[in-house]
Enquirer: 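Handing you a structure now.
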Amino acid sequence: MTSTPPEVTQTELAAALMSVARVVQARTMQATGDPNGLALLDRRVCLQVAADLPLTPHFDRQAWAKAWRASRLDGTRAHRAALYRAMCDALAEALEDEDGRWEGDHGQAEIYRIASRLRSVATKVCIDDMLGPLDAKVDPHNLWNGFVSPHFTLDAARELAAQTQRLAEECGKDADTVHVVDSGCTDRDGNPLVVVMRVSWTYLEDEGAQQATLIIEPDDEGRYAIGGWEWCWSYSHWNCACGRYSDWHERCWCGLTRDRQPTAPLEVATWTAAAALRRLAPSATSVLIDIHEGRAHIVAVYVGDTEIDTADDGGVFDTETLGAADTYLQNAIVQAAPADLAAAPGWMHTPDETSAHLWRITLPTL
C-alpha cells in the first residue's frame, strides 16, 4: 500500500518560496553586493528551505543530511518532501524556459512575485467612499502603511478609470486619473490591445508630461497594479445578518459567509448565539433556554446529551459569554410570535416539571 502524500497549503508554499527568495538574495549579496541582482537558483536551494536550514548562500550537504535523518525520527519527513516537490513544481511552472529548464540565474524579485500570487485573495477594494468597490486580487501581506496594493482586471481598470475621471471633475488637478486607451484591435492571442496609464495632474506643470504620466504594464496574469504603495486602498466590507461587518473576502466571526445569510430574526439570533458559545466550547451542539415573559435565559449548554458545566461549576462558560448569547436570543424572541418559535429551524418546545417555558435549540453548523 502507498500512503497519501501530505497536503501542502498555498500559504505554506508561499512562505517557503519567500525563504527561497531570501536565499537567492543572500547569494547575490555575496557575489555582487547587489540584493536585486541575479544568482544561481537550483534544487539545492529548495532542499535547504524544506529542511529548515539557515537561509545562507551556501548549501551545507552535511547539515542537510543530518536534518533529513532527524525528520524521519520526528515524523516530518513526508511533509518536508512534499514541500520540496511543491516548491520545485511552482518554480518550474513560473520560470521554465523554452528548453524546459527553470534552474539558472534568477533574481529574488521573481521569486517574491510567485509567492505573492499564491498568497493573493480575490476581494473588493475601495478608497473610502471616493473610489470602488472594485474587484481585485490582493496579497494580504503586501502592505504599505496598512493599505493594500490591488491588481485589477482590464474591465475593473476601465471602471476605475471612469470613477477617477468623475472624481477629477469635482476635485480638479488634485485628483489623479486613470485612462484606458483602446486601439480597437487585438493581439495574436485575441486580447485587446490597450494602454493603461495614470496621470498625476499635480506634477504636470512643474515636472512635465513624462514625469506626470505612468504607463502601467499588465502582470503575467493580465492584471494591472494601479495605486499600489501610493494610494490608500482598503478592503471593502460586507454586512452580516448578525450585525457585524467583515472584509469582503473573509468569513464573519459568527461563521456565516456573504453567500450564506439567514434572514429570519430567530435564525440570525441562533447563529450569533452559537458563535458566542463556541468561542469557549467549540463542540457545543445545543442549548436549553427558559423563556418567561419575553425574557430568554440559557439554562444549559450540551455536547450531544452531555451538559457542559458553567464557570461556577468549574466548567468553560463565564457569565459574560452566557449573557451575550442570552441577549442575542432575547432580542429576536421579543419580536417573534409563539408560532414563529415553533416554526424556527432547530427550535423545539420541551417543557418539564420545572418550567413550561423551556425550549431546546439545536445549534447550526456550517
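What you see below is based on every heavy atom in this structure, not just the backbone, and it leaves out hydrogens, waters and symmetry mates.
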Enquirer: Check for a donor-acceptor pair, side chain of Q48 on one end and backbone N or O of T56 on the other, with a separation under 3.5 Å.
Expert: yes
Enquirer: Can you list the residues that meet the salt bridge (Lys or Arg N to Asp or Glu O under 4.0 Å) rule with R101, with sequence neighbours excluded?
Expert: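 Testing R101 for salt bridge (Lys or Arg N to Asp or Glu O under 4.0 Å), a comparison that skips the adjacent residues, returns D97, D99.
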Enquirer: Taking the side chain as everything from C-beta on, heavy atoms only, tell me whether T76 gets closer than 4.5 Å to D52.
Expert: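 No, too far: nothing below the 4.5 Å cut-off.
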Enquirer: Donor-acceptor pair, distance only, cut-off 3.5 Å: does the side chain of R77 make one with the backbone of R69?
Expert: no
Enquirer: What I'd like to find out is whether the side chain of S246 reaches to under 4.5 Å of the side chain of W238, using heavy atoms alone.
Expert: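 A side-chain contact exists here, since the closest heavy-atom pair is under 4.5 Å.
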Enquirer: Between L83 and L95, is there a shared hydrophobic cluster once you connect ILVMFWY residues whose side-chain heavy atoms come closer than 4.5 Å?
Expert: yes
Enquirer: So do the side chains of L204 and V199 get within less than 4.5 Å of each other, counting heavy atoms only?
Expert: no
Enquirer: On a heavy-atom basis, which atom in A67 and which in L53 lie closest, and how many Å separate them?
Expert: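 Smallest heavy-atom distance, with atoms named: CB-CD2, 4.1 Å.
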Enquirer: Can you pull the side chain to side chain donor-acceptor pair (under 3.5 Å) pairs that have at least one residue in residues 206-215, sequence neighbours excluded?
Expert: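 Output for this query is empty, none listed.
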Enquirer: Under a single-linkage definition using a 4.5 Å side-chain heavy-atom cutoff for Ile, Leu, Val, Met, Phe, Trp and Tyr, are L322 and I361 assigned to the same hydrophobic cluster?
Expert: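 They do share one cluster, since a chain of ILVMFWY contacts under 4.5 Å joins L322 to I361.
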Enquirer: Quick check against the 3.5 Å criterion: does D352 have a side-chain atom that pairs as donor or acceptor with the backbone of S355?
Expert: yes
Enquirer: Which residues pass the ring pair (Phe, Tyr, Trp, His ring centres under 6.0 Å) test with W102, not counting sequence neighbours?
Expert: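 For W102 there are no ring pair (Phe, Tyr, Trp, His ring centres under 6.0 Å) partners, ignoring immediate neighbours.
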Enquirer: Quick check against the 3.5 Å criterion: does T285 have a side-chain atom that pairs as donor or acceptor with the backbone of G304?
Expert: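 Yes: the side chain of T285 pairs with the backbone of G304.
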Enquirer: Taking side chain as C-beta onward, heavy atoms only, is L266 less than 4.5 Å from L341?
Expert: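 Yes, close enough: below the 4.5 Å cut-off.
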Enquirer: Given 3.5 Å as the limit, does a donor-acceptor pair link the side chain of Q30 with the main chain of R27, or not?
Expert: no
Enquirer: For M130, does its backbone N or O pair with a side-chain atom of Q163 as donor and acceptor, under 3.5 Å?
Expert: no
Enquirer: List for me each residue that meets salt bridge (Lys or Arg N to Asp or Glu O under 4.0 Å) alongside D176, sequence neighbours excluded, and say none if there are none.
Expert: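 Per chain and number, D176 pairs via salt bridge (Lys or Arg N to Asp or Glu O under 4.0 Å) with R198.
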Enquirer: So do the side chains of S120 and H151 get within less than 4.5 Å of each other, counting heavy atoms only?
Expert: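 Result no, sub-4.5 Å side-chain heavy-atom pair not found.
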Enquirer: Check S234 against F147 and note the closest heavy-atom contact, atom names and distance.
Expert: OG-CD2, 3.7 Å
Enquirer: Can you pull out every ring-ring contact (aromatic ring centres under 6.0 Å, His included) where at least one residue sits in residues 68-97? Sequence neighbours excluded, please.
Expert: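 Listed by first then second residue: W64-W68.
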Enquirer: What about M87 and I114, same hydrophobic cluster or not, with Ile/Leu/Val/Met/Phe/Trp/Tyr joined at side-chain heavy-atom distances under 4.5 Å?
Expert: yes
Enquirer: Side chains of N191 and L154, heavy atoms from C-beta outward: is any pair under 4.5 Å?
Expert: no
Enquirer: Would R117 and D220 pass as an ion pair if we require N to O under 4.0 Å?
Expert: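 Salt bridge present between R117 and D220.
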Enquirer: At their closest point, which heavy atom of A325 faces which heavy atom of I298, and how far apart are they?
Expert: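 Scanning both residues completely, I find the closest heavy atoms to be CB-CD1, 3.5 Å.
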Enquirer: Taking C-beta and beyond as the side chain, do L329 and I289 meet within less than 4.5 Å on heavy atoms?
Expert: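 Side-chain contact under 4.5 Å: yes.
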Enquirer: Is it true that atom CZ of R61 has more than 12 heavy atoms of other residues, nucleotides or ligands lying nearer than 6.0 Å?
Expert: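 Not buried by this count: 12 neighbours or fewer within 6.0 Å.
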Enquirer: Does any pair with a residue in residues 185-225 pass ring-ring contact (aromatic ring centres under 6.0 Å, His included), and if so which ones, sequence neighbours excluded?
Expert: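 Residue pairs passing ring-ring contact (aromatic ring centres under 6.0 Å, His included), neighbours aside: none found.
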Enquirer: Does anything in residues 339-358 form a ring-ring contact (aromatic ring centres under 6.0 Å, His included)? List the pairs, not counting sequence neighbours.
Expert: H292-H357, H349-W359
Enquirer: Is there a side-chain contact between V49 and L55 in this structure, where contact means two heavy atoms from C-beta onward sitting under 4.5 Å apart?
Expert: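 The answer is yes; the side chains approach within 4.5 Å.
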Enquirer: Within the distance-only criterion (no hydrogens, no angle test), does the side chain of Q261 pair as donor or acceptor with the backbone N or O of A241 below 3.5 angstrom?
Expert: yes
Enquirer: So, Q165 side chain and A161 main chain: donor-acceptor pair closer than 3.5 Å or not?
Expert: yes
Enquirer: Is a donor from one side chain sitting under 3.5 angstrom from an acceptor on the other, for D34 and T32?
Expert: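 Side-chain D/A pair, D34 to T32: absent.
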Enquirer: Run the side chain to side chain contact (heavy atoms under 4.5 Å, CB included) check on L288 and Y302 step by step: do they pass?
Expert: CA-CA 8 Å; L288 184 67; Y302 297 91; 3.9 Å; yes
Enquirer: Taking all non-hydrogen atoms of both residues, which atom of G146 and which atom of L143 are closest, and how far apart?
Expert: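 Looks like O-CD2, 4.2 Å.
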Enquirer: Please report the interatomic distance OG1(T177) to CE(M197), rounded to the nearest 0.5 Å.
Expert: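 These two atoms lie 9.5 Å from each other.
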Enquirer: Apply ring pair (Phe, Tyr, Trp, His ring centres under 6.0 Å) to H141 and list each qualifying residue two or more places apart in sequence or on a separate chain.
Expert: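 So H141 forms no ring pair (Phe, Tyr, Trp, His ring centres under 6.0 Å) with any residue.
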Enquirer: Do we see a donor-acceptor contact under 3.5 Å between the side chains of H297 and Q330?
Expert: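 No donor-acceptor contact under 3.5 Å links the two side chains.
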Enquirer: Please report whether the ring centroid of F152 lies less than 6.0 Å from that of W233.
Expert: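 Yes, they do, as the ring centres are separated by less than 6.0 Å.
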Enquirer: Return the set of residues passing salt bridge (Lys or Arg N to Asp or Glu O under 4.0 Å) with E103 (not counting sequence neighbours), or none when no residue passes.
Expert: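 For E103 the salt bridge (Lys or Arg N to Asp or Glu O under 4.0 Å) partners, ignoring immediate neighbours, are R43.
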Enquirer: Tell me, yes or no, whether the heavy-atom count around E93 atom CD, taken from other residues, nucleotides or ligands under 6.0 Å, exceeds 12.
Expert: no
Enquirer: Do N145 and W229 pair up side chain to side chain, a donor and an acceptor below 3.5 Å, judged on atom types alone?
Expert: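 No, W229 and N145 have no side-chain donor paired with an acceptor closer than 3.5 Å.
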Enquirer: Is there a path of hydrophobic side-chain contacts, each under 4.5 Å between heavy atoms of I/L/V/M/F/W/Y residues, joining M29 to L38?
Expert: no
Enquirer: Does V303 belong to the same Ile/Leu/Val/Met/Phe/Trp/Tyr cluster as V301, with side-chain heavy atoms less than 4.5 Å apart forming each link?
Expert: yes
Enquirer: Heavy atoms only: give me the nearest V121-P140 pair and the separation to one decimal.
Expert: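 Looking at all heavy atoms of both residues, the closest pair is CG2-CG, 4.1 Å.
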Enquirer: Is there a donor-acceptor pair under 3.5 Å between the side chain of S236 and the backbone N or O of W248?
Expert: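 No, S236 side chain to W248 backbone: no donor-acceptor pair under 3.5 Å.
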Enquirer: Scan side-chain atoms only and decide if S286 and R360 contain a donor-acceptor pair under the 3.5 Å cut-off.
Expert: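 Per modelled atom types, S286 and R360 side chains form a pair under 3.5 Å.
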Enquirer: Taking all non-hydrogen atoms of both residues, which atom of E267 and which atom of P262 are closest, and how far apart?
Expert: CB-CB, 3.8 Å
Enquirer: I'd like to know if the side chain of E159 and the backbone of L134 have a donor-acceptor N/O pair within less than 3.5 Å.
Expert: no
Enquirer: Please step through side chain to side chain contact (heavy atoms under 4.5 Å, CB included) for the pair E110 and L41, ending with a clear verdict.
Expert: CA-CA 11 Å; E110 294 177 85; L41 170 63; over 6 Å; no
Enquirer: Rounded to the nearest 0.5 Å, what separation is found between the CG atom of D139 and the CZ atom of R119?
Expert: 4.0 Å
Enquirer: State which residues pass ring pair (Phe, Tyr, Trp, His ring centres under 6.0 Å) with Y328; sequence neighbours excluded, sorted by chain then number.
Expert: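 Ring pair (Phe, Tyr, Trp, His ring centres under 6.0 Å) check on Y328 returns nothing, list empty.
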Enquirer: With sequence neighbours left out, write down each residue that passes salt bridge (Lys or Arg N to Asp or Glu O under 4.0 Å) with D182, or none if nothing qualifies.
Expert: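 Testing D182 for salt bridge (Lys or Arg N to Asp or Glu O under 4.0 Å), a comparison that skips the adjacent residues, returns R158.
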Enquirer: May I have the list of side-chain donor-acceptor pairs in residues 14-23 shorter than 3.5 Å, sequence neighbours left out?
Expert:
from: S19; atom 1: OG; to: A15; atom 2: O; distance (Å): 3.4
from: S19; atom 1: OG; to: R22; atom 2: NH2; distance (Å): 3.4

